[in-house]
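First the structure, in the form of structure tokens, and then the observations on it.
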Amino acid sequence: MSPFVLSIRWALRSWTRAPFLAATAILTLALGVGVSTAVYSVVSGALLNVVPWSDPDRLVVLEARRLEESTQGQGAAPGMFLDWREQARAFEGLAALQYWRFNLTDGDDGGVAVEGRLVSADSFDLFEIKPAMGRGLVPADGEPGAPRVAVLSHGLWRRRYGEDSSVVGRQIQIDGEPTTIVGILGEEQFFLAPPDQLVMPLRIDPAAASRTDRSLFVMGLLRTGATLDQAQRDMELVIERLATEYPASDAGWSVRVRWLSDVFAGGDRATASMLLLLAAVIFVLLIVCANVANLLLARSAARIKEMATRAAVGGSRGQLARQLLLENALLALLAFPLALLVARGVRDFFLTQVPPYMGWMAMVMRFDLPVIGFAIVATLATVLLVGVVPAWQASRVDLQSALKEGGGRGASAGRPWVRQLLAVAQLGLAISLLSTSLLMVESMRRVQTRDPGFDVERVLVTEVQLPKARYPSEEHWREFERRAIAELSRVQGADAVASVDFPPYGFPGPLAAFEIEGEVTLPDKSAPSALVHTVSTQYLDALGLDLRRGRGIADSDEGSSVPIAIVNRTLAERYFGQEGSLGRRIRVAGSWREIVGVVEDYPNRSLRDPIEPLLLIPFSQRPHPSLGFVLRTSRDPLALASGVRAAMRQLDPQLPTLDVFEMEQRMENQLWGPRLVQSVMWILSQVALLLAAMGVYAVISYGTSQRAQEFAIRAALGAEPGQVALLVLRQAALLSAFGVLVALGLSIALSPLLARMLYAGTGWSVLQFGGIAAVLAFVALVAAGEPAWRAMRSDPMGALRAE
Amino acid sequence: MSDQALVRLEKVSKVFETELVQTYALSEVDLAIYKGEFVSIAGPSGCGKTTLLSILGLLDSPSSGRYLLEGNSVHEFGSTARARLRRSTIGFIFQSFNLIGELSVSENVELPLTYQGMGASERKKRVGAALERVGMSHRASHRPSQLSGGQQQRVAVARAVVGDPALLLADEPTGNLDSENGAQVMELLGELHQSGATLCMVTHDPRYARLAQRSVDLLDGQLASSAEVAAVPSAASGAAP
Ligand SMILES: Nc1ncnc2c1ncn2[C@@H]1O[C@H](COP(=O)(O)OP(=O)(O)OP(=O)(O)O)[C@@H](O)[C@H]1O
Ligand SMILES: [Mg+2]
């Protein structure tokens with residue numbers, strides 16, 4: 001038998017002699033690595049997989065920001081984008097993308113509404129995106145008057161065309177105009193994000209490009225060798241020049257250049273969430289390390305004699321260490337398949353948390369080679385890392401003392417402080433995870449108890465994009481809107497109906513700069529800006545919004561009458577303060593409007609976001625082809641859904657299938673991300689706590705068994721049972737106290753990340769502190785209870801009949 | 001006179017029940033030890049010496065019979081009361097020293113006083129005196145593992161006497177020592193007896209057994225003989241030379 005095979009046999013046999021310990025180590029590894037792997041698949045899905053391009057290290061995003069307010073980054077206006085692209089030096093190229101909902105018609109049915117992007121035509125070249133079939137967009141596709149072309153996602157191609165490859169080159173109707181399909185993306189290929197189904201060229205007319213409509217998402221590819229800082233400085237020069245050239249629109253804005261990977265998954269907050277989850281994963285893995293290390297240390301202490309004997313008969317240090325490492329590798333091998341099972345289970349649970357319309361998450365939360373690789377690396381790293389110390393210790397056993405200790409008095413318990421340290425670290429990691437997760441729960445609670453602004457349970461929403469081909473002019477839009485409101489009002493149970501271009505709890509549209517009559521915007525101050533929503537007369541009624549001052553929109557506010565606007569409370573207070581806003585005039589999108597009313601604030605995007613300044617403008621004075629309709633009812637809103645669909649079909653049977661949502665559902669949908677993060681964090685913290693409790697138990701229990709002789713002596717000398725038990729409990733209390741200190745340190749280190757993702761004002765409360773203290777006391781008690789009980793029953797006779 | 005006995009065992013038996021057999025380690029032992037006496041217990045291996053001593057030391061309780069310590073029926077006491085008696089009335093010297101490895105020499109000696117709830121300065125004084133007495137003051141801050149066997153046993157003696165116990169018990173105190181160290185420890189015990197301590201010691205060594213005033217032989221759990229070695233116990237009590 002070769003020495004290696006023999007070693008394996010030894011390893012196997014040595015574990016069968018310690019089956020409980022082996023099983024504990026394997027289960028700990030499987031649980032820890034499994035959960036970590038599942039979370040890693042979420043994080044890598046959200047952070048890494050969604051950036052589909054080959055050179056992510058050079059991909060950046062250019063975000064516009066108002067100077068003095070730390071609001072989220074904004075998009076760029078088309079006019080700005082053209083100037084940036086022309087003047088910036090640090091980039092290989094810049095690309096602009098615009099979210100778009102396309103109407104796709106290619107047969108007799110109503111067609112489908114498809115989400116996608118308009119992108120600058122050269123971006124396929126810039127980012128080296130090669131579709132699986134056909135071709136990508138080329139610069140010529142972006143020329144004015146060029147034939148219309150589109151690239152489809154693999155998913156759309158499969159669903160709509162049954163993977164028929166003759167589709168490439170076929171002409172279909174998109175937004176009512178003939179368009180040729182020129183390419184199909186690969187199965188796991190997407191342009192910017194998986195929900196994008198369709199990509200078409202973005203055409204900007206330089207002569208008529210807006211500087212205030214900030215609807216473009218601008219990305220750049222850094223020149224090879226250029227740094228983020230250089231790009232930032234370069235953009236600052238450009239911005240400075242443009243601010244003097246176009247003070248009205250550009251002054252007071254800055255640009256921040258950020259890595260795409262930092263921004264992508266939904267901005268600062270999502271990145272912070274992902275980093276936090278990653279940190280949590282590392283914490284859990286460290287706890288696993290500490291646990292397994294503890295088990296192995298306890299075992300190697302018990303095996304000092306065996307190791308000494310092996311050495312005494314001629315085993316070299318290297319051979320002994322190798323033997324131990326082999327034993328650990330065996331553990332890893334057994335734990336790995338279990339870990340994969342756990343990982344799958346947990347990931348499937350996460351996927352059930354994702355709402356149906358985000359079904360593509362399954363695509364990015366893959367269980368692919370990198371994820372499995374993560375599991376392998378995590379398992380091996382854990383086992384080898386924790387195996388090295390005991391192996392090293394065992395290989396340098398002092399033979400003489402080890403063999404002599406058979407005589408056995410005052411046997412010192414190896415290096416107990418190493419194990420205690422590990423237990424403290426575990427507790428610290430677990431408590432900081434627990435406190436973080438509690439803070440997230442609290443933040444979510446605050447978000448959910450926030451006032452939604454109106455009666456969301458009684459409102460139904462639907463949206464439609466009028467195709468330009470059949471609805472080419474303002475007159476058509478007006479006509480459609482008028483008929484639609486009339487038709488929808490006839491739906492059984494509809495109490496009030498109104499139109500709005502950006503219904504609440506969805507994308508709220510870009511912030512637009514405006515001007516206040518009689519006030520000069522200083523060059524170094526940013527122009528006032530607000531969301532601008534175009535709404536019909538009944539809007540306040542249909543949502544049940546309170547008018548604080550002035551009046552709502554009246555039927556008399558027509559295209560030909562005096563232009564008016566209604567502002568929300570935030571806008572009134574921020575820009576008009578005490579003076580009052582009623583009667584003041586502002587200029588927005590080129591025309592002066594009189595403020596006639598102030599409406600109560602309501603969240604625009606989601607309950608988690610701060611309320612932005614908002615301007616409501618009558619649809620009649622600025623018609624729009626993107627129409628959302630809101631219906632209020634006193635019944636269950638979904639009961640009206642089929643009536644709404646029927647009414648829309650009646651209006652125009654060729655309009656794409658419409659989605660009808662309850663407003664409450666829309667509101668909830670905005671929160672799925674934080675909710676997922678919260679539940680992932682919760683699971684991690686519970687696993688961490690369980691593992692840490694196991695770890696503390698192992699340390700205290702082992703220490704107690706090591707001290708059995710000592711406790712017996714103490715009892716023989718007259719210590720009462722309670723006094724002996726106290727020794728054990730005191731140790732547990734000390735471990736917990738140090739654990740809290742470690743947790744405090746870790747929490748301070750994590751707090752900047754945490755602050756970025758918690759809802760404003762969420763902080764520590766007495767209740768949470770009490771809760772954590774109670775949990776900790778419970779954990780320590782559970783972990784120390786049994787050993788303390790054992791110690792309490794120390795038999796003084798043990799002092800007489802030792803060994 | 002019998003009322004003045006420090007220790008009185010009446011028909012004390014100890015039965016160990018194991019799976020199949022019952023072992024009578026002690027059967028119906030009657031024994032009295034008087035204040036100031038030095039009693040040695042001898043007998044072949046397995047005859048029940050350690051068992052007898054552990055019952056005397058309240059480490060174990062008899063299966064039947066009565067045990068009166070200073071007139072109290074301690075066989076009826078609960079575990080807490082027995083612990084209290086152990087630390088206030090009894091000093092135990094083990095064959096295998098039984099020092100606690102994690103504690104220093106002086107901390108080991110201090111332990112019974114700590115359990116008695118004595119104040120720190122008083123403890124310090126007593127520990128110093130006890131270590132002085134056994135000649136181990138210069139090793140006060142050492143760990144037990146840094147001492148020789150004989151030195152460890154001297155520390156154990158200091159720990160046994162530090163609380164000024166009424167009864168000093170020693171189970172083969174020289175069993176793990178070479179003859180020279182053994183002699184030193186025995187000399188120490190002799191001195192303790194001279195200064196008035198009541199001693200009960202198990203030993204195989206006839207040389208040491210002769211140091212005692214009275215020698216008790218155990219055979220199969222029964223008291224075989226009780227030979228007066230020296231003067232009558234009552235004469236010895238309180239009469240230090
Ligand atoms: N815990 C126990 N369970 C069962 N039997 C026991 C137990 N302790 C002692 N015995 C038995 O009781 C008897 C007396 O034991 P004891 O230890 O008192 O003997 P000893 O006289 O001290 O022997 P030695 O001189 O070898 O120390 C022995 O037969 C022993 O096997
Ligand atoms: Mg014995």
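Excluded from the calculations below are hydrogen atoms, water molecules and symmetry mates; all remaining heavy atoms, backbone and side chain alike, are included. All chains are named by letter (A, B, ...) in the order of the sequence lines, taking the proteins before the strands, and each is independently numbered beginning at 1.
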Which pair of heavy atoms, one from B:Ala140 and one from B:Leu131, lies closest together, and at what distance?
CB-CD1, 4.0 Å

Looking at every heavy atom in both A:Glu786 and A:Ser701, which two are closest together, and how far apart are they?
OE1-OG, 4.5 Å

Is it the side chain or the backbone of A:Arg714 that comes within 4.5 Å of chain B heavy atoms, both, or neither?
both

Examine whether an atom of A:Gln723 lies under 4.5 Å from a heavy atom of chain B, and if so say whether it belongs to the side chain, the backbone or both; otherwise answer neither.
side chain

Between the side chains of B:Lys14 and B:Asp60, is the shortest nitrogen-to-carboxylate-oxygen separation below 4.0 Å, so that they form an ion pair?
yes

So, B:Arg159 and B:Glu110, do they make that salt bridge, N to O below 4.0 Å?
no

Other residues, nucleotides, ligands: >12 heavy atoms within 6.0 Å of B:Tyr24 OH:
no

Where does B:Arg143 contact chain A at under 4.5 Å (heavy atoms): side chain, backbone, both or neither?
neither

Which bit of B:Leu103 comes within less than 4.5 Å of chain A, counting heavy atoms only: side chain, backbone, both or neither?
side chain

As an exercise: rank B:Leu53, B:Ile90, B:Leu111 by heavy-atom pairs under 4.5 Å with chain A and give me the winner.
B:Leu111

Pairs of heavy atoms under 4.5 Å with chain B: top-ranked of A:Ala715, A:Ala716, A:Ala712, A:Gly718
A:Gly718

